[in-house]
Amino acid sequence: MTNNEIKPYLMNIALDNNISVVFFDTLDPYTPPATDIEARCIAMNSRWHNKSEIPFQLAHELGHILSGQQSTKILMSKY
């Protein structure tokens, strides 16, 4: 699976599991992604300085929700 195929695959996993993924293009290139576990929402940085890491980051953030991790309430506020 290529890097171009991974992102749509992961987005389908999010859709199938009622997880919202929002890509922001106004963030600093070094602002990492964040997840609100209770709201089932992931904030991604489309300007991330290393574009090849974005699919990995998305998979990582999905893992927080899909694994049933408890919320810390410090990752992100509601928007």
Side-chain angles (χ1 to χ4, degrees):
M1 189 175 284
T2 68
N3 213 12
N4 289 337
E5 296 169 321
I6 294 171
K7 186 176 166 188
Y9 174 79
L10 293 171
M11 292 298 291
N12 283 328
I13 290 173
L15 182 64
D16 291 345
N17 289 279
N18 297 319
I19 299 170
S20 299
V21 180
V22 181
F23 281 85
F24 293 91
D25 61 2
T26 57
L27 300 173
D28 179 88
Y30 289 88
T31 301
T35 298
D36 183 325
I37 295 165
E38 289 179 6
R40 299 180 73 79
C41 182
I42 299 171
M44 295 292 298
N45 182 355
S46 61
R47 293 185 62 220
W48 185 250
H49 66 278
N50 186 344
K51 300 277 190 227
S52 66
E53 292 178 357
I54 292 175
F56 170 78
Q57 291 174 335
L58 179 55
H60 176 88
E61 298 305 322
L62 283 168
H64 286 300
I65 297 172
L66 295 174
S67 70
Q69 181 177 358
Q70 292 184 358
S71 177
T72 61
K73 302 268 188 192
I74 62 170
L75 295 178
M76 66 180 270
S77 63
K78 302 249 186 215
Y79 52 90

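Here the structure is a predicted model, which is why all the values come from computation and not from measurement.
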Q. From His64 NE2 over to Asp36 CG, what is the distance, rounded to the nearest 0.5 angstrom?
A. 12.5 Å
Q: Determine the minimum heavy-atom distance between Ile65 and Cys41, stating which atoms define it.
A: CD1-N, 4.1 Å
Donor-acceptor pairs are to be reported for all side-chain atoms of residues 51-58 against protein atoms at under 3.5 Å, with residues two or more places apart or in another chain.
{"unit_1": "Lys51", "atom_1": "NZ", "unit_2": "Ser46", "atom_2": "O", "d": "2.5"}
{"unit_1": "Ser52", "atom_1": "OG", "unit_2": "Asn50", "atom_2": "OD1", "d": "2.7"}
{"unit_1": "Glu53", "atom_1": "OE1", "unit_2": "Trp48", "atom_2": "NE1", "d": "2.8"}
{"unit_1": "Glu53", "atom_1": "OE2", "unit_2": "Asn50", "atom_2": "ND2", "d": "3.1"}

Q | With Phe23, the side chain to side chain contact (heavy atoms under 4.5 Å, CB included) member among Val21, Leu27, Asp25 | A | Val21
Q: Give a yes or no on whether the backbone of Pro29 and the side-chain of His49 come within a donor-acceptor separation of less than 3.5 Å.
A: yes
Q: Any chance you could measure Ile19, atom CD1, to Thr35, atom OG1, to the nearest 0.5 Å?
A: 8.5 Å
Q. How far does CG of Asn18 sit from CZ of Arg40, to the nearest 0.5 angstrom?
A. 6.5 Å
Q | Met44 to Pro33 - nearest heavy-atom pair and separation | A | SD-CB, 3.7 Å
Q. Is there side-chain contact between Leu62 and Asn17, with heavy atoms separated by less than 4.5 Å?
A. no
Q.
If hydrophobic clusters are built by linking Ile, Leu, Val, Met, Phe, Trp and Tyr wherever their side-chain heavy atoms come under 4.5 Å apart, do Tyr9 and Met11 end up in the same one?
A. yes
